[in-house]
Amino acid sequence: MNTKFTEQVYNITKRIPKGKISTYGEIAKALNSKAYQAVGHALHKNPYAPIVPCHRVINSNGKIGGFASGTENKIKLLKKEGIKIKNNKIINFKKVVFRF
DNA sequence: CTAATGACATTTG
DNA sequence: ACAAATGCCATTA
């Protein structure tokens, strides 16, 4: 969609460096908004599926949350990126959170 | 335009 | 600490 919000969401999500992650809340804040759900929606539609590392975006509670391709699959991918995950939760969550 | 939904977050039980 | 309820914004129907 050509809405500014989603555009920003994708742009920011793409800026997340490898080995780091971010939360919906942080992204929403980066957009000067608190539409966490809208961010999640944007990523859910995700017309930039392979372009935007949506798997690097997780919940604020350190949980992975839900993902289209399966949460467990994302966990594996994040683990490969260097993120430590236990029971679907981020271990070094605070250490890997990327803030804009 | 109005209503409902969601890859959420926060507060309350 | 965990589970449920409420509130939030933007998008979709």
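Note on naming: letters A, B, ... go to the chains in the order of the sequence lines (proteins, then strands), and numbering restarts at 1 for each one. Keep in mind the model is a prediction, meaning the values are calculated, not measured.
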Exercise. Linking I/L/V/M/F/W/Y whenever any side-chain heavy atoms sit under 4.5 Å apart, do A:Tyr48 and A:Val9 land together?
Worked result: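 In one cluster with A:Tyr48: A:Val9, yes.
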Exercise. Do A:Leu77 and A:Ile85 share a hydrophobic cluster (ILVMFWY, side-chain heavy atoms under 4.5 Å, transitive)?
Worked result: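 They do not share one cluster, since no chain of ILVMFWY contacts under 4.5 Å joins A:Leu77 to A:Ile85.
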Closest to the [X] side chain: [options]?
X	options	answer
A:Ala35	B:dA7, C:dA10, C:dT11	C:dA10
A:Lys34	C:dT12, C:dC9, B:dA9	C:dC9
A:His41	B:dA9, B:dT5, C:dC9	B:dT5
A:Thr6	C:dT11, C:dC8, B:dA9	C:dT11
A:Ser60	B:dC8, B:dT10, C:dT11	B:dT10
A:Phe5	C:dG7, B:dA7, C:dT11	C:dT11

For this session: Tell me what A:Phe67 touches on the nucleic acid: a base, only sugar-phosphate, or nothing, going by heavy atoms under 4.0 Å.
Result: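 Base: the residue A:Phe67, judged by heavy atoms under 4.0 Å, touches a nucleobase.
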Problem set entry | Sole candidate of A:Lys20, A:Arg56, A:Lys76 that passes side-chain hydrogen bond (donor to acceptor under 3.5 Å, both in side chains) when paired with A:Glu81 |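 The residue from A:Lys20, A:Arg56, A:Lys76 that satisfies side-chain hydrogen bond (donor to acceptor under 3.5 Å, both in side chains) with A:Glu81 turns out to be A:Arg56.
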Rounded interatomic separation in angstrom, taking [atom1] from [X] and [atom2] from [N]:
X	N	atom1	atom2	answer
A:His44	B:dA7	NE2	P	5 Å
A:Leu43	C:dT11	CG	P	12 Å
A:Asn87	C:dC2	CG	C1'	15 Å
A:Lys63	C:dC2	NZ	P	12 Å
A:Tyr24	C:dC8	OH	C1'	16 Å
A:Lys29	C:dC9	NZ	P	15 Å
A:Phe93	B:dA9	CZ	C1'	12 Å
A:Ile64	B:dC8	CD1	C1'	14 Å

For this session: Please check the phosphate of B:dC8 (OP1 and OP2 only) for any side-chain N or O of A:Asn61 closer than 4.0 Å.
Result: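 Checking A:Asn61 against B:dC8: no side-chain N or O falls below 4.0 Å of OP1 or OP2.
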Exercise. Is the phosphate of C:dC9, meaning OP1 or OP2, less than 4.0 Å from a side-chain N or O of A:Ser33?
Worked result: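 Checking C:dC9 against A:Ser33, no side-chain N or O comes under 4.0 Å of OP1 or OP2.
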Problem set entry | Parallel, tilted or perpendicular: rings of A:His41 and A:His44 (30°, 60°) |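 The rings of A:His44 and A:His41 sit tilted, inter-plane angle from 30° to 60°.
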Exercise. Is the number of heavy atoms from other residues, nucleotides or ligands under 6.0 Å of A:Lys14 NZ greater than 12?
Worked result: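 Above 12, so yes.
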Exercise. If you pin A:Gln37 and A:Ala42 to their nearest nucleotides in DNA chain C, which one's is more 5'?
Worked result: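 The residue closer to the strand's 5' end, by nearest nucleotide, is A:Gln37.
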